[in-house]
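Note that the numbering runs from 1 along the sequence shown for the chain. Excluded from the calculations below are hydrogen atoms, water molecules and symmetry mates; all remaining heavy atoms, backbone and side chain alike, are included. In each ligand, atom 1 is the first atom listed, and ligand 1 is the first ligand listed.
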Amino acid sequence: MCPELSISTRTRTTPFNSRVEACGVKAYMVYNHMLLPVIYRSLEEDYWHLCEAVQVWDVSCQRQVEIRGTEAQQLVQLMTPRDLSNAQVGQCFYAPLCDESGGMINDPILIKHSDNHWWLSIADSDVKLWAKGLATGFGLDAQVSEPDIWPLAVQGPKAEELISRVFGEEIRKIGFFRSRMLNYQGTKMLVARSGWSKQGGFEIYVNDMELGGQLWDELFAKGEDLNVGPGSPNLIERIESGLLSFGGDMGYDTTPFECGLDRYVSLDADIKSLSLKALKTRKPKTKLIGLVIDQQVKLIDRRVFSKGEILGEITSDSWSPRYSVHLVFAKCELSLIAGREHVELITSTGEISAVITELPFDFNLLGLRGLKNRPGL
Ligand code: THG
């Protein structure tokens with residue numbers, strides 16, 4: 001028997017909830033105290049559809065922590081070691097938030113509305129409380145809130161076409177990780193070219209409960225010939241693409257260096273950021289690595305071994321129908337994996353060898369040629 005999830009005001013609601021249920025959602029995950037739909041048809045069906053057509057995702061759980069005030073930018077900079085001094089209005093930044101010891105608090109997309117107005121589009125942890133604490137403790141003129149904004153992602157190769165039919169041709173000019181305020185039925189909403197897949201697409205920051213439902217319906221009506229369908233962040237796609245999930249692949253005890261987010265840390269910048277001092281000196285202990293198994297397996301133990309010694313643990317894994325390999329993210333002791341090429345994992349049929357590789361997976365380097373299209377039925 002599959003236990004049910006008891007749904008209440010504790011998990012809040014979204015403008016799209018009735019549509020999501022009408023579309024036959026099969027599974028939810030709890031994320032930022034909200035429900036995130038994760039499966040509609042099946043993981044694999046949803047994957048191929050995302051890569052071929054266009055999907056509409058209720059990602060309302062990507063909550064916005066809003067920071068306003070004359071010292072808003074100082075507060076955001078205090079929270080992230082990524083240099084924001086040249087940030088432009090409308091620009092989005094993928095950025096780790098770190099505490100005073102360099103440990104990660106979250107990995108949001110930061111959005112600059114103006115010097116004194118930022119949004120942190122957060123992953124699954126209570127950033128509002130942390131931000132309020134910092135603003136209070138440091139006596140900053142920065143007001144922290146979590147307004148009702150419900151991001152709706154439109155992802156897939158046909159996302160641009162679909163979004164242009166609703167918001168106009170202007171959206172084609174929006175660059176990657178850029179945004180514009182666009183008009184929807186007389187209400188201004190932020191539309192950004194971003195989203196948690198590598199299939200391309202947009203995110204609409206819906207700010208009106210009623211209009212949200214209308215927008216969902218319009219996307220489905222105007223996208224019929226594009227084979228639009230419901231979807232969600234897809235485990236297979238995000239693992240193939242090397243997108244990390246906070247709380248799973250990294251957490252409070254990991255630094256950005258330990259999970260390969262080095263390029264979002266500006267160690268040499270002249271900025272006031274809470275974690276920079278620690279990040280300059282703290283020695284990485286673990287490393288998030290990729291593992292590849294050349295067959296379909298059922299992993300029954302999260303530990304990673306070499307000749308009986310425990311090297312680390314699996315944080316995420318999935319079968320890849322495109323490359324016909326099982327892909328794994330694993331957090332391992334740096335000192336124990338140095339110089340190694342293989343590790344062992346435990347499957348339902350016994351021990352198996354997996355090849356160690358860097359993340360994101362470089363399928364060319366691995367000699368894997370993926371299927372261009374879904375295998376014929
Ligand atoms: N969209 C919005 N909010 C979010 C997410 C999102 N909040 C939670 C979670 N996702 C935050 N995590 C990520 C992780 C990766 C990316 C975006 C959000 C991402 N990364 C690109 C990459 O890795 O190639 C590009 C990063 C860059 O170089 O700027 O897109 O999805 N609104």
Side-chain angles (χ1 to χ4, degrees), residues 14 29-34 36-38 50 55-66 79-84 86-88 90-98 104-113 118-128 146-147 149-156 159 163 174-180 189-207 231-235 237-251 254 256 259-266 288 290 315-316 329 358-362:
T14 90
M29 177 192 288
V30 175
Y31 192 101
N32 276 331
H33 314 278
M34 294 187 78
L36 168 62
V38 285
L50 167 62
Q55 293 185 340
V56 179
W57 301 359
D58 178 1
V59 280
S60 300
C61 65
Q62 295 170 1
R63 298 293 287 178
Q64 304 309 298
V65 172
E66 180 168 80
M79 287 193 281
T80 179
R82 182 168 179 183
D83 185 1
L84 301 174
N86 295 320
Q88 290 165 19
Q91 203 172 351
C92 310
F93 297 85
Y94 178 46
L97 304 185
C98 299
M104 282 178 71
I105 294 287
N106 202 284
D107 70 330
I109 293 183
L110 313 176
I111 304 158
K112 179 169 181 167
H113 290 270
W118 283 74
W119 277 354
L120 279 53
S121 184
I122 62 171
D124 188 19
S125 72
D126 294 320
V127 172
K128 182 176 76 173
E146 201 183 299
I149 306 279
W150 303 277
L152 187 67
V154 180
Q155 300 285 299
I163 289 284
I174 301 177
F176 183 63
F177 266 51
R178 297 283 170 159
S179 70
R180 286 191 192 189
M189 293 182 192
L190 188 88
V191 180
R193 195 186 287 264
S194 56
W196 214 53
S197 84
K198 292 254 169 148
Q199 305 309 310
F202 293 80
E203 292 181 297
I204 306 147
Y205 290 77
V206 173
N207 51 15
S232 66
N234 183 278
L235 180 71
E237 200 279 339
R238 75 102 176 163
I239 289 195
E240 286 181 354
S241 300
L243 291 168
L244 309 184
S245 181
F246 184 83
D249 303 315
M250 69 277 204
T254 15
C259 52
L261 296 179
D262 314 35
R263 62 189 179 287
Y264 307 109
V265 178
S266 316
L288 196 68
T315 61
S316 300
F329 295 171
E358 295 284 325
L359 290 175
F361 295 104
D362 181 337

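When non-hydrogen atoms are compared, ligand 1 lies under 4.0 Å from neither the backbone nor the side chain of Val59. With a heavy-atom cut-off of 4.0 Å, Phe93 does not touch ligand 1 at all.
Contact atoms of ligand 1 toward Tyr264: 26 (C), 27 (C), 28 (O) (distance under 4.0 Å to a heavy atom of the residue). Heavy-atom proximity to Asp107, at under 4.0 Å, picks out these atoms of ligand 1: 11 (C), 12 (N), 14 (C). Close approach of ligand 1 to Ile122 is summarised as follows: ligand atoms under 4.0 Å from at least one heavy atom of the residue are 7 (N), 8 (C). The distance from ligand 1 to the heavy atoms of Leu243 drops below 4.0 Å at these ligand atoms: 15 (C), 19 (C), 20 (N), 23 (O). Set against the non-hydrogen atoms of Glu203, the atoms of ligand 1 under 4.0 Å away are 1 (N), 2 (C), 6 (C), 31 (O), 32 (N). Of all atoms in ligand 1, listed by their number and element, those nearer than 4.0 Å to a heavy atom of Tyr31 are 8 (C).
Taking the six-membered ring for Trp and the full ring otherwise, Tyr264 and Tyr94 have centroids separated by under 6.0 Å.
Looking at Met250 and Leu244, their side chains come closer than 4.5 Å, going by heavy atoms from C-beta outward. Between Phe246 and Ile105 there is no side-chain heavy-atom pair separated by less than 4.5 Å. Two residues are said to be in side-chain contact when any heavy atoms from C-beta on lie closer than 4.5 Å; Tyr31 and Val59 fail this criterion. Residues Ile163 and Ile204 meet the side-chain proximity criterion, which asks for heavy atoms closer than 4.5 Å. Proximity of Leu120 to Leu97: side-chain heavy atoms (C-beta onward) are separated by under 4.5 Å at one or more points. Contact annotation: the side chain of Gln88 approaches that of Arg178 to within less than 4.5 Å [non-hydrogen atoms, C-beta and beyond].
Using a 4.0 angstrom heavy-atom cutoff, Gly195 counts as in contact with ligand 1. In this structure, Tyr205 is part of the shell of residues with a heavy atom less than 4.0 angstrom from ligand 1.
For atom 17 (C) of ligand 1, the nearest protein heavy atom (residue, atom name, distance) is Ile109 CD1, 3.7 Å. Annotation: atom 7 (N) of ligand 1 to nearest protein heavy atom, Ser121 O, 3.0 Å. Counting protein heavy atoms only, atom 6 (C) of ligand 1 is closest to Gln62 NE2, 3.4 Å.
Which of Lys198, Arg238, Gln155 comes nearest to atom 24 (O) of ligand 1 through a heavy atom is settled by distance: it is Lys198. Closest to atom 30 (O) of ligand 1 by heavy atom, among Phe177, Tyr94, Trp196, Trp57, is Phe177.
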With side-chain contact (heavy atoms from CB on, under 4.5 Å) as the test, would you mind laying out the steps for Arg63 and Val127 before giving the verdict? CA-CA 10 Å; Arg63 298 293 287 178; Val127 172; over 6 Å; no

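Ring geometry, Tyr205 versus Trp119: the interplanar angle falls from 30° to 60°, so the pair is classed tilted.
With sequence neighbours excluded, the residues forming a side-chain hydrogen bond (donor to acceptor under 3.5 Å, both in side chains) with Arg238 are Asp249, Ser316, listed by chain and number.
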